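Working notes, beginning with the structure itself.
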Amino acid sequence: MINNIGHTLKDYREIVGSSVISAIHANARELYGKNILHINSTYQGGGVAELLNSLVPLMNDIGINADWKTFHGTPDFFIITKKFHNALQGEKINFTEIKKRLYMQANKDFSVYTHINHDCVIVHDPQPLPLIEFYKKKQPWIWRCHIDCETPDKKLMDFLTEFIVRYDMVLVSNEKYKKSDLPVEQRIIYPAIDPLSPKNKKISRGVISKYLEKFEIPTDKPLITQVSRFDKWKDPEGVIDVFKRVKDENDCRLILCGSMAADDPEGYQIYENIKRKANNLIENKDIILVTSENNILVNVLQRSSDVIIQKSIKEGFGLTVTEALWKKKPVVASNVGGISLQIEDKKSGFLVEPYDTKGFADNIIKILQDPCLAKKMGREGKEKVRKNFLITRLLSDYLDLLNDAVILK
Ligand code: UDP
């Protein structure tokens, strides 16, 4: 993964303005030299890795000693934690003792070779959540949940709550994900994108053409794209159904771009299912599946698309939507989770109920047939992201949090 190491806060001045940069420096003063540890479960693939790749270097740039460790799990561990992830998003789970044991053992093993002497520990998502059991707690621990956990499986949630209550604070991405019966302070922090990362930075027409040629993406027809892990919650099969309807009215191509995340063992199976579904269609030659892990390519695909679709059934936040809006692309997306916070329906895109195939298709056709509408939506979307969902705002929220957690405690 090409990462963002190399950018410093001053590089963002042109995008967000001097006052934002000065406020961040002022807010960091009390935190100079403090050791902050982030722990998550993968260095690449998915939104959390994406965020940490930009956030951790910036924290270091402003005088904090920010550390990032990734969890070492076995394939079995990641199969189990993916089931936990699905169950937190509302799916059924056969919650057995073996699953609990393996989950706990992997956390215990990690603690044996990982020293934690930091001033604050931030644990991302459920995989490393029980780590707190295996350390003598000497500092504030914060659990950052990136998942849509509005309607979790109750048994699993009860089990995880035993660990969550030991934390000093819980961070979620949406008011709806807070739990009224949880006796721990819960705060909302919205995720964000890095406008200077390889995935989001401006790129020249020359680079765009080079990548399109290299990855054999023709541009003689309008492009509709979904960038997402091959995951049932992202409903790639549903995207193909939408595409078929759109294509009946307006010739176009579909790109499904999904690299495989190291902590998501279901991806390969779902990719195979999609390939089979696409192969059985007469529209097959106009469906392009991309599995390369390449941030510039994602940037190129988003910039080259006429419409971005995000047909998630559940979505903790949906950084892919933020990325597309930042690139002034009209987005047609499900009215779920964090997506609803980002898109203003009919203004910066269209919000559609997740299973409404016709609604998705109709709105995509509307955009394809009205370039003025597409442009107007693109402008609105970019402004919304500039004000609310850039990495500088995220950094600033973390500083507020750390000032409270580390300094006041
Ligand atoms: N992503 C990517 N390549 C892919 C698919 C996804 O780089 O083939 C990135 C995407 O650009 C975004 C992140 O992975 O930055 C996905 O974050 P999101 O919040 O949309 O979903 P998550 O995968 O965390 O559920």
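Atoms within each ligand, like the ligands themselves, are counted from 1 in listed order. Predicted model only: the values in this text are computed from it and were never measured.
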For the residue pair T8 / D61, report whether a side-chain donor-acceptor contact shorter than 3.5 Å exists. no
Ligand 1 and S292, any nitrogen or oxygen pair closer than 3.5 angstrom? no
According to the ring pair (Phe, Tyr, Trp, His ring centres under 6.0 Å) rule, which pairs have a member within residues 182-203, sequence neighbours left out? none
Check each heavy atom of E323 against ligand 1 and say whether those closer than 4.0 Å belong to the side chain, the backbone, both or neither. side chain
Using 30° and 60° as the class limits, which term best fits the ring planes of H38 and Y398: parallel, tilted or perpendicular? perpendicular
Can you tell me if N27 and D400 form a side-chain donor-acceptor pair at under 3.5 Å? yes
Heavy-atom pairs closer than 4.0 Å: do any link ligand 1 to the side chain of P191, the backbone, both, or neither? neither
Among residues at least two apart in sequence or on other chains, which ones pass salt bridge (Lys or Arg N to Asp or Glu O under 4.0 Å) with K358? D362
T320-ligand 1 polar pair, N/O distance under 3.5 Å: yes
Considering all heavy atoms, the nearest G338-Y177 contact: N-OH, 3.8 Å
Going by the closest heavy atom to atom 4 (C) of ligand 1, which one wins out of S312, G267, G338, S259? S259
Should you measure from each heavy atom of G318, which atoms of ligand 1 turn up under 4.0 Å away? 19 (O), 20 (O)
State, with a plain yes or no, whether a side-chain heavy atom of L37 is found less than 4.5 Å away from one of C120. no
If you measure every N or O of L319 against every N or O of ligand 1, does any of those distances drop under 3.5 Å? yes
Check this for me - ligand 1, G47, N or O atoms closer than 3.5 angstrom, yes or no? yes
Show which atoms of ligand 1 fall inside a sub-4.0 Å distance from at least one heavy-atom site of R229. 5 (C), 22 (P), 23 (O), 25 (O)
Nitrogen or oxygen of K199 less than 3.5 angstrom from that of ligand 1: yes
With a 4.5 Å cut-off on side-chain heavy atoms, are E315 and D148 touching? no
K234 near ligand 1 by a heavy-atom separation under 4.0 Å: yes
